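Each remark here refers to the structure printed beneath this line.
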Amino acid sequence: MNIAENIRKLRSSIPGGVSLVAVSKFHPEDAIREAYGAGQRIFGESRVQELVEKRPDLPADIKWHFIGPLQTNKVKAIAPFIHTIQSIDTVKLLKEVDKQAARNELIINVLLEIHIAKEESKHGFSRDECLALFNEPVGEAYPNLHFCGLMGMATNTDNMEQVRQEFHDLHQFFETVKSLPGVTLSHFQTLSMGMTHDYRIAIEEGSTMIRIGTMLFGEREY
Ligand SMILES: *Cc1c(COP(=O)(O)O)cnc(C)c1O
């Protein structure tokens with residue numbers, strides 16, 4: 001795997017307005033350094049333990065995005081350095097992240113994960129829960145968070161028409177949420193959708209941020 005070349009190729013094939021999260025979970029620090037050397041600065045990890053072990057050896061200007069299921073009791077461990085948490089799926093978790101951000105005297109960026117897949121197992125807010133949240137000014141309820149947008153994962157299926165429909169619906173929902181009174185539009189700009197097997201469709205359907213692991217780093221190593 002030539003990671004630097006993979007990064008360059010992918011970058012040059014996606015529109016300028018789409019940001020790339022290099023998903024480095026299960027890949028060693030050396031792989032991350034190689035991607036960093038190719039100019040990549042945003043990395044995604046999905047396990048707290050793995051992230052806190054890797055981070056100290058890596059460049060300090062990396063923007064770490066947390067993208068996996070997050071237990072409230074683990075927020076403490078990442079709050080001091082995390083740039084964005086994309087996998088916010090409950091109000092309880094929002095409250096904890098706000099509390100830990102306050103304790104560290106910083107702002108944490110969050111994306112709300114919306115349940116769009118047909119599978120029961122996928123995490124995320126329902127659309128109704130999300131709408132209810134943004135009927136109040138979230139900036140007042142959660143002063144230490146910036147609500148930067150939404151994240152979604154499509155159903156894991158070969159039926160790409162279904163995947164497209166799910167991304168299409170999430171994009172429409174994103175636009176609906178933007179029009180709610182509680183949203184701060186200067187922050188709420190990101191629609192994170194698309195992984196290795198479906199990112200092209202995601203971009204066609206309005207994604208502004210793709211999360212790519214396998215295509216950059218190969219199959220997971222440990
Ligand atoms: C692992 C993961 C990705 C990257 O998936 P690839 O298929 O390896 O590109 C993206 N998003 C989330 C939430 C993930 O857990």
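Everything numeric in this text was worked out from a predicted model, so none of it was measured.
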- prompt: If you draw a 6.0 Å radius around NZ in K178, do more than 12 non-hydrogen atoms from other residues or ligands fall strictly inside?
  reply: yes
message: What I want to find out is whether K118 reaches E166 closely enough, with some N-O distance under 4.0 Å, to be called a salt bridge.
response: yes
message: Side chains of L180 and N135, heavy atoms from C-beta outward: is any pair under 4.5 Å?
response: yes
- prompt: Ion pair present between E96 and K92, side-chain N to carboxylate O less than 4.0 angstrom?
  reply: no
statement: Closest heavy-atom pair, D57 versus E53, reported as atoms and distance to 0.1 Å, is OD2-O, 4.4 Å
message: Checking M209 against L191 for the side-chain contact (heavy atoms from CB on, under 4.5 Å) test, could you report, in this order, the C-alpha distance in whole Å, the side-chain angles of both residues, the deciding distance, and whether it holds?
response: CA-CA 6 Å; M209 177 175 279; L191 179 56; over 6 Å; no
query: Under a 4.5 Å side-chain heavy-atom rule over Ile, Leu, Val, Met, Phe, Trp and Tyr, are F81 and V23 clustered together?
result: no
- request: Look up atom CD1 in I108 and atom NZ in K99, then write down how far apart they are to the nearest 0.5 Å.
  value: 13.0 Å
- prompt: Got a second to check how far M195's CE is from I201's CD1, nearest 0.5 Å?
  reply: 13.0 Å
task: Return yes if a side-chain donor-acceptor contact under 3.5 Å exists between Q165 and E161, otherwise no.
output: no
- request: Identify the two heavy atoms, one from I42 and one from S19, that lie closest to each other, and give their separation to 0.1 Å.
  value: CD1-CB, 4.5 Å
query: Nearest heavy-atom pair of T190 and T208: which atoms, and what distance?
result: CA-OG1, 3.4 Å
message: Tell me whether N144 contacts the main-chain N or O of A101 through its side chain, where contact means a donor paired with an acceptor under 3.5 Å.
response: no
field: Distance-only donor-acceptor check, side chains S192 and Q86, under 3.5 Å
entry: yes
- line: Rounded to the nearest 0.5 Å, the CE atom of M215 sits from the CD1 atom of I7 at a distance of 10.0 Å
query: Counting N and O atoms only, with roles assigned by atom type, does the side chain of N159 sit under 3.5 Å from a partner on the main chain of Q162, one being a donor and the other an acceptor?
result: yes
message: Measuring from atom CG of L93 to atom CG of D98, what distance do you get when rounded to the nearest 0.5 angstrom?
response: 11.0 Å
query: What about I14 and M151, same hydrophobic cluster or not, with Ile/Leu/Val/Met/Phe/Trp/Tyr joined at side-chain heavy-atom distances under 4.5 Å?
result: no
query: Would you say the side-chain atoms of N104 pair up with the backbone N or O of L106, donor to acceptor, closer than 3.5 Å?
result: no
- prompt: Taking it one step at a time, do F174 and F188 satisfy ring pair (Phe, Tyr, Trp, His ring centres under 6.0 Å)?
  reply: CA-CA 9 Å; F174 177 63; F188 201 87; 5.4 Å; yes
query: Counting distance only, does the side-chain N/O of K54 pair as donor-acceptor with the main-chain N or O of H27 below 3.5 Å?
result: yes
task: Without swapping roles, check the side chain of E113 against the backbone of M153 for a donor-acceptor pair under 3.5 Å.
output: no
message: Taking the basic N atoms (NZ, or NE/NH1/NH2) and the acidic carboxylate oxygens, is any pair closer than 4.0 Å for E204 and R200?
response: no
- request: Determine yes or no for a side-chain-to-main-chain donor-acceptor pair under 3.5 angstrom, with S87 supplying the side chain and G68 the backbone.
  value: yes
task: Decide yes or no for R103 and Q100: does some side-chain heavy atom of the first lie under 4.5 Å from some side-chain heavy atom of the second?
output: yes
field: Short side-chain to backbone donor-acceptor contact, H171 and F173, under 3.5 Å
entry: no
query: Can you check ring pair (Phe, Tyr, Trp, His ring centres under 6.0 Å) on H65 and H83, steps first, answer last?
result: CA-CA 6 Å; H65 283 217; H83 181 274; 5.4 Å; yes
message: Whether the side chain of S46 engages the backbone of I67 through a donor-acceptor N/O pair (distance < 3.5 Å, no angle test) should be reported.
response: no
Distance-only donor-acceptor check, side chains S24 and E45, under 3.5 Å: yes
query: Applying the side-chain contact (heavy atoms from CB on, under 4.5 Å) test to I85, which of N109, V97, L112 qualifies?
result: V97
message: Is there a path of hydrophobic side-chain contacts, each under 4.5 Å between heavy atoms, that joins V91 and V110?
response: yes
- prompt: When the ring centroid of H187 is compared with that of F147, is the distance short of 6.0 Å?
  reply: no
- prompt: With side chains defined as the heavy atoms from C-beta onward, is the minimum distance between R11 and L20 less than 4.5 Å?
  reply: yes
message: Would you say that more than 12 heavy atoms from the other residues, nucleotides or ligands in this model lie under 6.0 Å from the CG of D158, or not?
response: no
Side-chain heavy atoms of K74 within contact of Q49, under 4.5 Å: no
field: V138 side chain near L145 side chain, heavy-atom distance below 4.5 Å
entry: no
message: Please determine whether a side-chain nitrogen of the Lys or Arg among E205 and R164 lies less than 4.0 Å from a carboxylate oxygen of the Asp or Glu.
response: yes
field: Flag side-chain contact, heavy atom, 4.5 Å: K63 against T84
entry: no
message: Could you measure the distance from the CG atom of D128 to the CG atom of L133? Nearest 0.5 Å is fine.
response: 12.5 Å
- prompt: Would you say I88 and L111 make side-chain contact, with heavy atoms under 4.5 Å?
  reply: no
query: If Ile, Leu, Val, Met, Phe, Trp and Tyr residues are connected whenever their side-chain heavy atoms lie under 4.5 Å apart, and connections chain through other members, are V21 and L170 in the same group?
result: no
query: Do the two ring centres, one from Y36 and one from F43, sit under 6.0 Å apart?
result: no
query: Any donor and acceptor pair, going by atom type alone, linking the side chain of E175 with main-chain N or O of Q172 inside 3.5 Å?
result: no
field: Separation between CD of E136 and OH of Y142, rounded to the nearest 0.5 Å
entry: 10.0 Å
message: Working note: R33 + E29, criterion salt bridge (Lys or Arg N to Asp or Glu O under 4.0 Å); need CA distance, chi angles, decisive distance, verdict.
response: CA-CA 6 Å; R33 278 190 207 96; E29 287 88 334; 6.0 Å; no
message: To check you understand the geometry: which heavy-atom pair defines the closest contact between A77 and V48, and what is its length?
response: CB-CG1, 3.9 Å
- line: Of all heavy-atom pairs linking F134 and V183, the shortest is CD2-CG2, 3.5 Å
- prompt: Given side chains that start at C-beta, do those of D198 and M160 come closer than 4.5 Å, heavy atoms only?
  reply: yes
Pair I116-F167, side-chain contact (heavy atoms from CB on, under 4.5 Å): steps then yes or no: CA-CA 8 Å; I116 58 170; F167 286 153; 4.2 Å; yes
- prompt: Which pair of heavy atoms, one from V177 and one from L150, lies closest together, and at what distance?
  reply: CG2-CD1, 4.4 Å
